Amino acid sequence: MQIKVMTNILEKNDQVAAALQERFEKAGIFVINLLGSPGCGKTSLLEKTIKALKETLSIAVIEGDLFTAKDAERIEQHGVPVVQINTGGGCHLDANMIQGVLDCLDLGELDIIVIENVGNLVCPAEFNIGEDCKVTVLSITEGDDKPLKYPLIFKQASAVILNKVDLLPYTNFDLKAAEKDITAIHPEVTLLPVSCQTGEGLEAWFNWLMKQVQIKKGKESK
Amino acid sequence: MHEMSIAQGILDIVLKTAAEHNAVKISCIKLLIGQMTQVEPESLKFGFAALAANTIADGAVVDITIIPLVGKCNSCGQQFTVERYSFLCPLCHSANILVVSGRELAVDYLEVE
Ligand SMILES: Nc1nc2c(ncn2[C@@H]2O[C@H](COP(=O)(O)OP(=O)(O)OP(=O)(O)O)[C@@H](O)[C@H]2O)c(=O)[nH]1
Ligand SMILES: [Mg+2]
Ligand SMILES: [Zn+2]
Ligand SMILES: [Zn+2]
């Protein structure tokens with residue numbers, strides 16, 4: 001006997017993600033799923049962002065990591081609430097994991113939650129975790145061929161941060177070519193070349209972030 | 001290896017569906033996987049076989065159809081196969097493209113006894 005099913009395999013995760021999104025929506029919190037390869041500079045970007053904006057915005061961080069709490073310890077130094085999720089080898093965060101730690105945060109107090117996903121360009125792009133948007137960090141040392149090799153993570157991102165531009169003179173990374181590929185994959189994307197080392201370009205990132213939070217707050221007050 | 005979590009999702013769906021139909025054995029599972037998904041078919045089959053051991057889906061044939069990436073231009077209506085992940089209309093160069101197919105991750109149907 002043949003049984004027609006036609007069910008989305010990620011349906012369960014999507015349902016939990018939708019419930020999370022509703023909770024964030026009610027609390028008026030803007031949530032970012034921060035993606036990128038191991039070492040591309042996700043935590044560095046977060047540290048810079050917290051330093052610059054913590055007086056203006058109430059920020060909390062959820063840190064996804066395979067086994068350690070190293071990134072959470074770095075964030076804690078900046079005096080913002082941080083929750084660690086260890087995936088125990090799992091290569092991505094899923095919606096259940098976020099749901100499991102949400103009670104550790106005081107949602108009433110927050111403007112923004114940044115969730116640093118496990119360093120990986122592949123599967124985190126497939127698993128929604130209740131975020132308003134994905135932000136993908138690509139660093140100059142990874143090579144300019146990565147957008148076409150891992151297109152989904154660039155297609156799904158509202159903003160792509162090209163980090164470590166201070167290293168451009170020492171690599172064969174072709175910034176124009178990378179920007180062209182990313183724009184072809186995702187024509188509406190916001191591209192932000194930055195250096196977390198020198199601070200170059202970070203102002204534009206802060207402005208983008210502030211704008212997204214304001215848009216979210218505006219929606220809430222209506 | 002995230003194919004394991006995808007495989008678990010498939011197993012949950014097929015076991016639930018089979019139970020609803022009082023099936024005693026699942027012999028074949030037909031999957032639709034879009035070209036622009038992060039799933040490696042061989043790892044998925046391997047992961048599924050491991051998870052399905054000792055269930056009524058043990059030994060089921062996993063048959064995967066890859067769905068090509070197709071876009072439709074919202075400006076001029078042209079439908080086209082997306083090459084090199086370029087989401088620009090080949091006819092009018094508009095960037096306003098709807099993804100028609102290629103993002104599927106679905107269980108299409110089952111063969112059961
Ligand atoms: N030269 C240079 N180095 C940077 C820059 N941003 C980050 N780094 C360095 O890159 C290394 C990795 O940075 P992290 O912020 O830990 O990267 P990550 O993406 O959080 O890494 P995982 O969480 O392990 O995936 C650190 O040694 C940083 O100091 C930059 O703009 N320029
Ligand atoms: Mg990190
Ligand atoms: Zn994964
Ligand atoms: Zn067109």
Side-chain angles (χ1 to χ4, degrees), chain A residues 1-17 35 64 66 87-97 117-118 120-129 134 136 145-157 177-178 180-189, chain B residues 1-14 16-40 43-44 48 69 71 82-89 93-97 99 102-113:
Chain A
M1 178 175 68
Q2 196 184 92
I3 310 171
K4 189 75 182 167
V5 187
M6 212 49 209
T7 301
N8 177 0
I9 297 166
L10 297 177
E11 188 175 62
K12 263 196 189 154
N13 184 71
D14 287 347
Q15 282 165 356
V16 178
L35 305 163
L66 298 170
T87 59
C91 42
H92 60 269
L93 294 174
D94 64 31
N96 270 321
M97 297 177 193
N117 217 308
V118 180
N120 180 348
L121 281 179
V122 187
C123 53
E126 290 284 6
F127 293 83
N128 296 322
I129 51 178
K134 296 182 173 70
T136 298
D145 57 344
K146 295 304 169 288
L148 286 180
K149 280 191 175 174
Y150 304 94
L152 186 61
I153 207 154
F154 295 94
K155 182 80 178 158
Q156 309 282 60
K180 188 167 161 254
D181 287 344
I182 295 167
T183 311
I185 293 166
H186 190 181
E188 298 92 27
V189 76
Chain B
M1 199 185 78
H2 68 289
E3 275 80 6
M4 248 7 210
S5 37
I6 308 260
Q8 185 64 53
I10 296 168
L11 187 63
D12 292 345
I13 291 168
V14 301
K16 179 165 171 275
T17 308
E20 284 164 7
H21 290 80
N22 301 316
V24 293
K25 177 147 186 61
I26 299 170
S27 49
C28 178
I29 301 164
K30 182 85 181 175
L31 303 179
L32 302 178
I33 307 278
Q35 185 192 332
M36 198 180 195
T37 56
Q38 298 291 1
V39 175
E40 211 286 295
S43 313
L44 182 61
F48 183 84
L69 188 55
V82 177
E83 307 278 359
R84 286 191 93 239
Y85 299 104
S86 178
F87 289 85
L88 295 171
C89 175
H93 307 290
S94 164
N96 186 359
I97 305 297
V99 178
R103 288 284 298 125
E104 296 78 2
L105 265 182
V107 179
D108 186 3
Y109 63 83
L110 307 180
E111 296 277 356
V112 301
E113 284 156 27

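Owing to the predicted nature of the structure, the values given are computational and were not obtained by experimental measurement. Protein chains get the first letters and strands the later ones, always in sequence-line order, with residue 1 at the start of each.
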Sorted by chain and residue number, the ring-ring contact (aromatic ring centres under 6.0 Å, His included) partners of Y109(B) (sequence neighbours excluded) come out as none
Exercise. So, Q2(A) and E111(B): side-chain donor and acceptor under 3.5 Å apart, yes or no?
Worked result: yes
Heavy atoms, side chains only, cut-off 4.5 Å: are [X] and [Y] in contact?
X       : Y      : result
V5(A)   : V14(B) : no
M1(A)   : H21(B) : yes
V107(B) : M6(A)  : no
V112(B) : I3(A)  : yes

Reported [atom1]-to-[atom2] distance for the pair [X] and [Y], which is rounded to 0.5 angstrom:
X       : Y       : atom1 : atom2 : answer
S5(B)   : N96(A)  : OG    : CG    : 11.5 Å
Y85(B)  : D181(A) : OH    : CG    : 12.5 Å
L105(B) : E11(A)  : CG    : CD    : 12.5 Å
R84(B)  : I185(A) : CZ    : CD1   : 9.0 Å
I9(A)   : L31(B)  : CD1   : CG    : 5.0 Å

* To do: Going by the side-chain contact (heavy atoms from CB on, under 4.5 Å) test, name the single residue among I10(B), T17(B), I13(B), D12(B) that passes it with T7(A).
  =>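 Exactly one option meets the side-chain contact (heavy atoms from CB on, under 4.5 Å) with T7(A), and it is I13(B).
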(request) Please determine, among R103(B), E113(B), K30(B), E20(B), the option with the most heavy-atom pairs under 4.5 Å with chain A. (result)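 Going by pairs under 4.5 Å, I would pick R103(B).
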Are there more than 12 heavy atoms of other residues, nucleotides or ligands under 6.0 Å from atom NZ of K25(B)?
yes
What part of [X] gets within 4.5 angstrom of chain B, counting heavy atoms only: side chain, backbone, both, or neither?
X       : value
F154(A) : neither
E188(A) : side chain
K4(A)   : both

task: Examine whether an atom of L32(B) lies under 4.5 Å from a heavy atom of chain A, and if so say whether it belongs to the side chain, the backbone or both; otherwise answer neither.
output: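 Just its side chain gets close to chain A.
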- chain A heavy atoms under 4.5 Å from S27(B): which part of the residue, side chain, backbone, both or neither?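 S27(B) has no heavy atom closer than 4.5 Å to chain A.
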- Message: N8(A) vs E104(B), test: side-chain contact (heavy atoms from CB on, under 4.5 Å). Steps then yes/no.
- Response: CA-CA 8 Å; N8(A) 177 0; E104(B) 296 78 2; over 6 Å; no
Donor-acceptor pair, side chain of Q38(B) and main chain of E126(A), under 3.5 angstrom:
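Between the backbone of E126(A) and the side chain of Q38(B) there is no qualifying donor-acceptor contact (under 3.5 Å).
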Handout entry: Charged tip of K155(A) within 45° of F87(B) ring normal and under 6.0 Å
Key =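 The answer is yes; both the distance and angle limits are met.
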